[in-house]
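Reading through the structure tokens given below for one structure.
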Amino acid sequence: MNENLFASFMVPMTLGIPITTLIIMFPTMLFPTPNRLINNRMITIQQWLTKLTSKQLMVTHNPKGQTWSLMLISLFLFIASTNLLGMLPHSFTPTAQLSMNLGMAIPLWAGTVFIGFRNKTKMSLAHLLPLGTPTFLIPMLVMIETISLFIQPLALAVRLTANITAGHLLLHLIGSATLALMSINLFTVLITFIILTLLVILEFAVALIQAYVFTLLVSLYLQDNT
């Protein structure tokens, strides 16, 4: 295990060249395009999960919002597979980088806001001022609502980054403690190993949940603007 606590979050380099792009492209290999009349079990399960997730995300959308279904399900599959691959030992998790998460959140958020101002200009502007606001509070509330609107992509990115980073750091710390206690007390090592195993299971669940939450929030922003 790495001595540096933050070594797993450093951008991997090969011959002085960052290989982040190759790592980001790797999850696409896990979802091959079916080219047979009868698919195998793995592709069948993937298609079933994709349809189930797509149905849950798009059930409340109108026809305009449903045109985003392919982008949203692709986003969910990418984040989920990247998070799960980051659980492998000595691997790199791109979603633990705030810059990458901002790169996903800002364009998607800007696209939903642009659609809202293009299709429902009056309603989008009305969101900046709650109904029945006293006259003297109008400038302050418009400023607050505008700031909260621009904070949405930052909140999306920070939420995903914080959850993935916190889980990996906790696993690193408990794993290091388990190794350090092996020569001191076997009973304590057993307890910490059980805790570590439970945390690994929890981290796998968090990897999927955070991918769903990120995609669901983008879907809700889209629903408000279509």
Side-chain angles (χ1 to χ4, degrees), residues 1-12 20 23-24 26-31 41-42 45-57 72-105 108 152-220:
M1 190 168 292
N2 296 322
E3 295 181 1
N4 187 357
L5 190 61
F6 296 95
S8 59
F9 304 107
M10 298 174 62
V11 177
T20 308
I23 296 174
I24 292 174
F26 180 72
T28 58
M29 301 173 60
L30 302 178
F31 303 97
R41 291 186 179 90
M42 181 62 68
I45 293 174
Q46 289 178 353
Q47 291 179 342
W48 176 75
L49 290 174
T50 300
K51 291 179 181 179
L52 180 63
T53 307
S54 178
K55 184 178 180 180
Q56 292 293 327
L57 290 173
L72 291 179
I73 195 64
S74 300
L75 177 68
F76 170 76
L77 292 176
F78 172 73
I79 298 177
S81 57
T82 304
N83 290 347
L84 292 175
L85 288 173
M87 293 295 297
L88 297 175
H90 304 288
S91 60
F92 173 71
T93 311
T95 48
Q97 305 293 320
L98 182 60
S99 57
M100 176 178 170
N101 295 335
L102 284 173
M104 293 189 296
L108 292 170
Q152 287 177 353
L154 181 62
L156 270 178
V158 170
R159 181 185 294 107
L160 180 58
T161 304
N163 281 279
I164 299 302
T165 304
H168 282 60
L169 288 177
L170 190 58
L171 290 176
H172 190 288
L173 290 172
I174 295 182
S176 300
T178 304
L179 290 176
L181 291 172
M182 286 185 64
S183 58
I184 300 176
N185 192 329
L186 292 179
F187 179 74
T188 307
V189 170
L190 179 61
I191 294 177
T192 54
F193 181 75
I194 293 174
I195 295 175
L196 181 62
T197 304
L198 294 176
L199 281 175
V200 169
I201 298 174
L202 177 63
E203 191 64 19
F204 274 106
V206 168
L208 296 175
I209 291 172
Q210 288 304 315
Y212 183 77
V213 168
F214 189 97
T215 311
L216 180 62
L217 289 175
V218 174
S219 176
L220 292 177

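Here the shortest heavy-atom pairing between P153 and A105 reads O-CB, 3.5 Å. For T165 against A96, the heavy-atom pair with the smallest separation is OG1-O, 3.7 Å.
The distance from atom CZ of F76 to atom OG of S219, rounded to the nearest 0.5 Å, is 12.5 Å. Distance CE/M100 to OG1/T95: 6.5 Å, rounded to 0.5 Å. In this structure, CG in L156 is found 5.0 Å from CZ in F214, a value given to the nearest 0.5 Å. Atom CZ of R159 sits about 5.0 Å away from atom CG of L217, to the nearest 0.5 Å. Rounding to the nearest 0.5 Å gives a distance of 11.5 Å between CD1 of I174 and CG of L169. For the atom pair Q210 CD and N163 CG, the distance stands at 3.5 Å (nearest 0.5 Å).
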For Q97 and T161, run side chain to side chain contact (heavy atoms under 4.5 Å, CB included): C-alpha distance rounded to whole Å, both residues' side-chain angles, the deciding distance at 0.1 Å, then the answer. CA-CA 6 Å; Q97 305 293 320; T161 304; over 6 Å; no

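For T215, there are no side chain to side chain donor-acceptor pair (under 3.5 Å) partners, not counting sequence neighbours. Legend: residues meeting side chain to side chain donor-acceptor pair (under 3.5 Å) with Q152, ordered by chain and number and at least two apart, are W109. Remark: L102 engages L98, I106, L154, A157 in a side-chain contact (heavy atoms from CB on, under 4.5 Å) (not counting sequence neighbours).
Side-chain N or O atoms of H172 include none that pairs as donor or acceptor with a backbone N or O of H168 at under 3.5 Å.
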Which atom pairs, donor and acceptor, lie under 3.5 Å between side-chain atoms of residues 192-202 and protein residues at least two apart or in another chain?
unit_1	atom_1	unit_2	atom_2	d
T192	OG1	T178	OG1	3.4
T192	OG1	T188	O	3.1
T192	OG1	V189	O	2.8
T197	OG1	F193	O	2.9

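The shortest distance between side-chain heavy atoms of I79 and M104 falls below 4.5 Å. The shortest side-chain heavy-atom distance between L171 and M87 falls under the 4.5 Å cut-off. Contact annotation: the side chain of L208 never approaches that of N83 to less than 4.5 Å [non-hydrogen atoms, C-beta and beyond].
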